[in-house]
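Chain letters run A, B, ... following the sequence lines, proteins first and then strands; every chain starts at 1. Keep in mind that this is a model prediction, so the values were computed, not measured.
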Protein chains: 2
Amino acid sequence: MKRSMQTKRTTIYDLAELAGTSASAVSAVLNGNWKKRRISSQLAEKITLLAEKQGYALNMQASVLRRERSKIIGMIVPKYDNRYFGSIVERFEAMARDRGLFPIVTCTRRDPALEVDAARAMLSYQVDCLIATGATDPDRIVDLCSAAGVRTVNLDLPGSRAPSVISDNYGGALELTRRVLSNSEKKFGEMTPLLFVGGRGSDHNTSERVRGFRAAHAAAGVKVDERLILTCGYAPEKSEQAMKQLAETGESLPRGMFVNSTISLEGVMRWLRGSGHYADRIPLLGCFDWDPFVAMLGDHIEMVRQDVPTMLDAVFEIIDSGASDVKTVHVPPIIVEPV
Amino acid sequence: MKRSMQTKRTTIYDLAELAGTSASAVSAVLNGNWKKRRISSQLAEKITLLAEKQGYALNMQASVLRRERSKIIGMIVPKYDNRYFGSIVERFEAMARDRGLFPIVTCTRRDPALEVDAARAMLSYQVDCLIATGATDPDRIVDLCSAAGVRTVNLDLPGSRAPSVISDNYGGALELTRRVLSNSEKKFGEMTPLLFVGGRGSDHNTSERVRGFRAAHAAAGVKVDERLILTCGYAPEKSEQAMKQLAETGESLPRGMFVNSTISLEGVMRWLRGSGHYADRIPLLGCFDWDPFVAMLGDHIEMVRQDVPTMLDAVFEIIDSGASDVKTVHVPPIIVEPV
DNA sequence: CAATTCTGCTTCATCGATTGAGCACGCTTG
DNA sequence: CAAGCGTGCTCAATCGATGAAGCAGAATTG
């Protein structure tokens, strides 16, 4: 309480001296296995009180160095700018803590080099396990980790060398597309091909969603217009640019759109409001991802919300069970009923 | 590359043996001060190559244990569910990395007990410095840290025992209120008292914003209606509930509202759409905080966007300069021009 | 050519916590 | 009463990286 200067932190040796006992007794008491080590409850209590009074804090570096498992669990995540990743991180931290693990999370801004650097850094900090969320190149990370004997789980985007937990992108996209097409029929009396915008053509989720998009068109007997598939990247600037270019072709614009993330939707909406197209009438929209304000934007914005709690349950089940067979768990996303 | 079993990680001792040299030489080479330690560049190169080939990764726990500074910088943050905190974390991580620091961030869900636990955990991990963002009780955290000789900076919410960086809440609120009142005059030909909803009455930011809210009313010659100040907490459920209760009083509802965060706005909007009030006509709104989709919600939603880059510049200036005088830096927020 | 300096390393203690091994004492048992 | 056991602790090695101190041998100097 009264230590204001640059006091060296209190260690178990300090406590041992104060208590007139040995450091190993102090250690045993403070990490809870004093029963096993046959320390008397009197000594235990004395030490506990002293530690509290002195404001003792365990030095994790020393502890981890000595132990074989660090109980540190790492996660890398692309961005913090949307509800999906935000809730993943929030829930991940809570679940990790519930298990007595220390979570460390880092954001890699969809930058492959940063992803690798971050993974390396986490390995240096001796994480017991790493969750690679939405990684550009999950297998690269898995390789790094397995060289160090560290387990990995891929989340959101699958890899081929570690268990993965992802949304059922195909199923979600199929249903989302179906709904937008159906809205289109209700509103215009006919179904015309939709626009697909956002995401990277090379990533698994996007290609699965495109597959669902196509399947829904096929089921409705609508031919997909290939020029309307714009997998331009996730960033708002990218989708805004893609819309602008599309409009410049002079062709008539689609009546409905499948937007591949809220973050891409941000760019699309910017373009919609900035350009005079659609004359203030928002087209029929479907968005793969959920945001509370998007839900309020206009009428009939269909959304598919990825089921984060279930996904993280699956992740921790893999971790807790110690399974490491390369399987992909597909979690059905939640179809949000428009308000 | 070819280590697939549970191989013990490579250490500097392994490398030393392979290179036919000593561990200290390896250490010196790998941490870059081999020039100072007069290691020949031939040996240096040999060791570097070996390390690479063996996939050597530094054991940070051991390294930090030995060194006096850990180069780990911690941040606690209340939530990841809005753009404000999301961008704080994202930028914090980037700036920390630029300085060669390792950022660890943890989310405390506005729970005072979790805040303290998280701070303790970070101290155990030997953070050199801790940034307490939006902490319920910053002084408590500062006390914990200073007992361990760890510097602290308060962000978003100020404390009395460490430097703080916060928005100019009074100024921002004054201008935001002024604008909503002015819109009210344009639309209805008169100014009537606005509603203030969201935030905790006990927190500094909220009380400063209420002060700005009052000052703007006073300047416009409008009397504040005390029953319309609802500092019910930040969570959407809280603000939704508060609106419901207000409506149940049967009094006529205000024509404009000052909403104290996007997250509170979420609840307000839910109520607006759920209840029949305002008959689908969104009232004049001002929101202290920014979100791209909120900007698109309706006409004339005024927003004040906290200036995260400038705030974090200020935080790192304090950290870099080593200053620890208890000063509060007020960063003017950005008035967002409605689209 | 002896004395000094410089070069290029190695040795060893250290950081703080953990844990197997072991020690001293008192109590039981045959 | 000796042998055996249980209790309550201490000792010392260890985890991996770091860096002050030191030590050979080569190069330079007076």
Member of B/K79, B/R109, B/R110 meeting the salt bridge (charged side-chain N to carboxylate O under 4.0 Å, His left out) criterion with A/E90: B/K79
Sugar-phosphate only, base, or nothing, as touched by B/S24 at under 4.0 Å among non-hydrogen atoms: base
Of B/V153, B/L155, B/V165, the residue whose pairing with B/V329 passes side chain to side chain contact (heavy atoms under 4.5 Å, CB included): B/V165
Selected nucleotide, minimal atom distance to B/L58 side chain, candidates D/dA17, C/dT10, C/dT18: D/dA17
Ring-ring centroid check B/Y125 A/Y125, cutoff 6.0 Å: no
B/D320/B/R99 salt bridge by N-O under 4.0 Å criterion: yes
Donor-acceptor pair (no angle test) under 3.5 Å: A/R66 side chain, D/dT14 base: yes
Sugar-phosphate, base or nothing in reach of A/S27, heavy atoms under 4.0 Å: base
Side-chain donor or acceptor of B/S70 paired with backbone N/O of B/V64 under 3.5 Å: no
Nearest-nucleotide pick for A/I39, side chain only, options being D/dC9, D/dG19, C/dT19: D/dC9
Below 4.0 Å: OP1/OP2 of D/dT18 and any side-chain N or O of B/N31: yes
Side-chain-base donor-acceptor pair under 3.5 Å for A/R37 and C/dT18: no
A/E17 CD to C/dG16 P, straight-line distance once rounded to whole Å: 14 Å
Euclidean distance, atom NZ of residue B/K35 to atom C1' of C/dT7 [Å, nearest integer]: 13 Å
A/T11 side-chain N/O to C/dC15 phosphate OP1/OP2 under 4.0 Å: no
Nearest-nucleotide 5' precedence on DNA chain D, A/Y13 against B/Q61: A/Y13
Short side-chain N/O contact to C/dC9 OP1/OP2 from B/S22, under 4.0 Å: no
Selection from C/dT10, D/dC9, C/dC15 that lies nearest to any side-chain heavy atom of B/L65: C/dC15
Sugar-phosphate only, base, or nothing, as touched by B/L30 at under 4.0 Å among non-hydrogen atoms: nothing
